[in-house]
Amino acid sequence: MLQVNEIRANFSQACERLNARNFENPEEVLGNVLKLEDLRKQIQLERDTLQAESNTISKQIGKLMQAGNKEEAEKIKLRTSEIKTQVKSLEESYSQTETELTQILYTIPNIPHSSVPAGKSAEDNEIVLENGTVPQLEEGNKSPHWELIKKYDIVDFELGVKIAGAGFPVYKGKGAKMQRALINFFLDEAEKAGYTEVQPPILINEESGYATGQLPDKEGQMYFAQEDGLYLIPTAEVPITNMYRDVILQEDELPKKNTGYTPCFRREAGSWGAHVRGLNRLHQFDKVEIVQVTHPDNSYNTLEEMSLHVQGLLQKLELPYRVLRLCGGDLGFTSALTFDMEVYSAAQERWLEVSSVSNFETYQTNRLKLRFKNKDKKTVLAHTLNGSALALPRIMAAILENNQSENGIKMPKALVPYLGFDTIA
RNA sequence: AGAGGAGUGGCAGAGUGGUCGAAUGCGGCGGUCUUGAAAACCGUUGUACCGCGAGGUACCGGGGGUUCGAAUCCCUCCUCCUCUGCCA
């Protein structure tokens, strides 16, 4: 959620940046925010003044009662009942105004960083760099992963359909082992990079969903357990970042670095099509996430650091990849700047997104009330960042496709100690 | 899941209708003393919002109510502890 005082201080700049992500009528919407806040302040002033008077009178009544002067006390009581009705109605318009204000703020996405290119869709994303060589597969060994997993019997979609439904694969044998190996590899690498591992709940309450911005924006994309009012997490970002909700840190405690492995659940309603075969898009998948809470001055250095960490993983897995700077139209609702990492999937002959590394600046911390005490002992909002490091299914798809040959599928060296085998044949 | 008990400032813990934003202790911060440290002593020490300021308002698990006035009384929800039951 944007900070109103920031909107006020940088109004035209905010409007201009929101245009970069195709937000409609920023002037009108942000203007409304300011108007509503002014109104809120005005109502508060009125209410507080009346309340102050009422408090004073109440104290007088207390003294009179103690002195035994009941008559005088009854007399001034009249005024307080008058105040009471006024305060009550002011109270109502206050909370109404405040609700209206937050409702609007919930609909406003984060303001894109100045480096975010304007653009409508993924096609306008900027390619920052490409790394690694795209393998040339020989004819006859150019199968997409959905054929390979059948051939070697390592992932079974039909079985998943029987148990749950489409998009819930069953990993079997070496396929299951690959999952476990990747999770351990990613967690170990994150730990080496200074992240503390956590295992959070994978169901979250409504408050957590609002705090990191999945609600109300992505309501329909999360599975919901009606009976208990809990959502299945779409990413570990939600529970991990929410560990710091309502927390005031000391400046020297920053940065906070956490990593966690969780399953992730996405309903992805209506997004089934040609490009979502096999492991490309699932309702349930595994992911290791990295999350940082930083000083506002450092968050963009941290974003770079996190991006390099993810790239390091891809290099160790010997996967060709590229890094994209997302354009305004493709930028997530809560993000100020996002880099996507895509690996090349040699049989599908296309790039697959495997990680998204984002800086949310204060957009999340404002809702989280995640702050720190700076050197001047002032309490200020921290910045949050997170990134996938990494999401498993598409990594698995790319490893399978890129390393296939007539002798089977060769595993990346870095993974062999975790797997206990070097080939799937 | 049932019965009982409890939720107060960083922590411990008092307060059961009026001057309580809240005693006291510990911790933290500043100072005196000391070559330095410890001890001792003195002072200070929550958050948010409104106001140019003086200052004001709200917050004692969350929400609602009674009252001129609520940490204190009532309702409701949540959490924790103890016992019983169930269970990976």
Side-chain angles (χ1 to χ4, degrees), chain A residues 1-9 33-105 199-211 215 225-231 239 242-254 256 262-263 362 364-382:
Chain A
M1 184 159 71
L2 295 179
Q3 300 176 76
V4 179
N5 51 4
E6 291 288 322
I7 295 174
R8 200 180 290 278
V33 167
L34 297 188
K35 261 188 239 163
L36 279 167
E37 209 211 19
D38 288 339
L39 181 61
R40 200 210 81 221
K41 286 180 181 180
Q42 187 195 321
I43 296 168
Q44 184 178 344
L45 190 62
E46 254 179 89
R47 184 200 63 186
D48 285 359
T49 310
L50 279 170
Q51 192 56 252
E53 189 187 340
S54 168
N55 288 348
T56 311
I57 294 173
S58 287
K59 279 176 192 167
Q60 281 172 7
I61 291 174
K63 278 179 194 159
L64 289 168
M65 297 293 260
Q66 269 170 352
N69 193 344
K70 250 189 164 175
E71 270 176 44
E72 193 64 27
E74 288 300 327
K75 227 189 251 177
I76 52 178
K77 261 191 202 178
L78 294 174
R79 171 62 184 150
T80 52
S81 62
E82 205 176 301
I83 292 174
K84 215 175 157 186
T85 46
Q86 285 181 58
V87 168
K88 196 164 186 183
S89 94
L90 284 168
E91 201 72 64
E92 266 163 38
S93 39
Y94 181 91
S95 58
Q96 204 183 333
T97 308
E98 202 175 35
T99 306
E100 206 179 321
L101 180 57
T102 37
Q103 289 304 322
I104 294 180
L105 286 169
Q199 265 198 29
I202 58 175
L203 272 78
I204 51 140
N205 57 30
E206 198 183 35
E207 205 180 346
S208 295
Y210 273 99
L215 292 173
Q226 184 98 39
E227 282 282 293
D228 303 283
L230 298 171
Y231 295 85
N242 268 282
M243 297 194 308
Y244 297 98
R245 173 148 48 84
D246 291 318
V247 167
I248 299 176
L249 296 161
Q250 296 302 315
E251 183 164 348
D252 60 15
E253 290 180 88
L254 297 172
K256 285 281 185 188
T262 66
T362 59
Q364 292 183 328
T365 54
N366 189 29
R367 286 190 199 176
L368 286 159
K369 295 202 180 67
L370 165 51
R371 294 158 296 171
F372 69 98
K373 271 209 180 356
N374 70 12
K375 291 198 181 84
D376 305 327
K377 301 203 169 171
K378 282 191 90 176
T379 310
V380 295
L381 292 175

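All values below were derived from every heavy atom in this structure, side-chain atoms included, with hydrogens, water molecules and symmetry-related copies excluded. Lettering follows sequence order; numbering is per chain, from 1. Not measured: the values here are computed from a predicted model.
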Fill in: Smallest separation among heavy atoms of N242(A) and R245(A), with atom names
OD1-NE, 2.7 Å
Worksheet item: If you write RNA chain B from 5' to 3' in dot-bracket form, with Watson-Crick or G-U pairs under 3.5 Å, [ ] for crossing pairs and | for pairs with another strand, what do you get?
Response: ((((((((.[[[..)..(.....]]]((((((.......))))))(((((....))))).[[[[[..)....]]]]])))))))....
Might you list the N or O atoms of the protein lying below 3.5 Å from N or O atoms in nucleotides 19-21 of chain B, with each pair's distance?
residue	atom	partner	partner atom	Å
U19(B)	O4	Q66(A)	OE1	2.9

Discussion item. With no hydrogens and no angle check, just 3.5 Å: does a side-chain donor-acceptor pair link N205(A) and S208(A)?
Written reply: yes
Fill in: Separation of the C1' atoms in G10(B) and G36(B), to the nearest angstrom
29 Å
Worksheet item: Going by the salt bridge (Lys or Arg N to Asp or Glu O under 4.0 Å) test, which pairs reach into residues 47-59 of chain A, not counting sequence neighbours?
Response: R47(A)-E91(A), E53(A)-R79(A)
Worksheet item: Nearest-Å distance, CG (N205(A)) to C1' (C77(B))?
Response: 14 Å
Worksheet entry | Whole-Å C1' distance, U32(B) and A38(B) | 15 Å
Worksheet item: Mind checking what makes side chain to side chain donor-acceptor pair (under 3.5 Å) contact with E74(A), not counting sequence neighbours?
Response: K77(A)
Discussion item. In whole Å, measure the gap between the C1' atoms of C74(B) and C81(B) for me.
Written reply: 25 Å
Worksheet entry | Results of side chain to side chain donor-acceptor pair (under 3.5 Å) for D38(A) - residues two or more places apart only | R8(A)
Item to complete: Please state the C1' separation for the pair U45(B) and U24(B) - nearest whole angstrom.
Response: 15 Å
Worksheet item: For Q199(A), does the CD atom have more than 12 heavy-atom neighbours from other residues, nucleotides or ligands under 6.0 Å away?
Response: no
Discussion item. Here's a test of your reading of the structure: between T49(A) and S54(A), which maps to the more 5' nucleotide of RNA chain B?
Written reply: T49(A)
Practice prompt. With sequence neighbours excluded, tell me which residues meet side chain to side chain donor-acceptor pair (under 3.5 Å) with Y244(A).
Written response: N258(A)
Fill in: ring pair (Phe, Tyr, Trp, His ring centres under 6.0 Å) partners for Y94(A), two or more places apart
none
Response to the item:
When rounded to whole Å, the NZ to P distance for the pair K373(A) and U45(B) reads 13 Å
Worksheet item: What closest approach, in Å, do I202(A) and P263(A) show between heavy atoms, and which atom pair accounts for it?
Response: CG2-CD, 4.0 Å
Item to complete: Mind checking side chain to side chain donor-acceptor pair (under 3.5 Å) for K84(A) and listing every partner two or more places apart, or none if nothing turns up?
Response: none
Which atom pairs link the protein and nucleotides 85-87 of chain B when you take only N or O atoms and keep those under 3.5 Å?
none

Practice prompt. Summarise how protein sits on nucleotides 58-67 of chain B as a single string, 5' to 3': B when a protein heavy atom is under 4.0 Å from the base, S for sugar-phosphate-only contact, - for no contact.
Written response: S---------
Item to complete: Output yes when at least one side-chain N/O atom of R371(A) is less than 4.0 Å from OP1 or OP2 of A48(B), else no.
Response: yes
Review item, nucleotides 9-11 of chain B N/O atoms under 3.5 Å of protein N/O:
none

Could you list the protein-to-nucleotides 49-53 of chain B atom pairs, N/O on both sides, closer than 3.5 Å?
residue	atom	partner	partner atom	Å
C49(B)	O3'	R40(A)	NH2	2.9
C49(B)	O2'	R40(A)	NH2	3.3
C49(B)	O2'	Q44(A)	OE1	2.4
C49(B)	O2'	Q44(A)	NE2	3.1
C49(B)	O2	Q44(A)	NE2	3.1
C50(B)	OP1	R40(A)	NH2	3.3
C50(B)	O4'	Q44(A)	OE1	3.4
C50(B)	O4'	Q44(A)	NE2	3.1

Worksheet item: Heavy-atom distance under 4.5 Å between the side chains of K378(A) and K373(A), does that happen here?
Response: no
Worksheet item: CD of E91(A) versus C1' of U57(B): gap in Å, rounded?
Response: 10 Å
Worksheet item: Knowing that exactly one of N366(A), L36(A), I7(A) qualifies, which makes a side chain to side chain contact (heavy atoms under 4.5 Å, CB included) with L105(A)?
Response: I7(A)
Item to complete: Taking atom P in both G56(B) and C11(B), compute the distance separating them and give it to the nearest angstrom.
Response: 28 Å
Fill in: Atom-pair distance (CG on D252(A); P on C29(B)), nearest Å
12 Å
Fill in: Whole-Å C1' distance, U67(B) and C73(B)
10 Å
Worksheet item: Taking the same atom, P, in G5(B) and in C75(B), what whole-Å distance lies between them?
Response: 13 Å
Discussion item. On a heavy-atom basis, which atom in I43(A) and which in S93(A) lie closest, and how many Å separate them?
Written reply: CD1-O, 3.9 Å
Discussion item. Could you tell me how far C80(B) sits from G28(B) if I compare only their P atoms? Round to whole Å.
Written reply: 31 Å
Practice prompt. Please state how far atom CD in E53(A) lies from atom C1' in C68(B), giving the value in whole angstrom units.
Written response: 13 Å
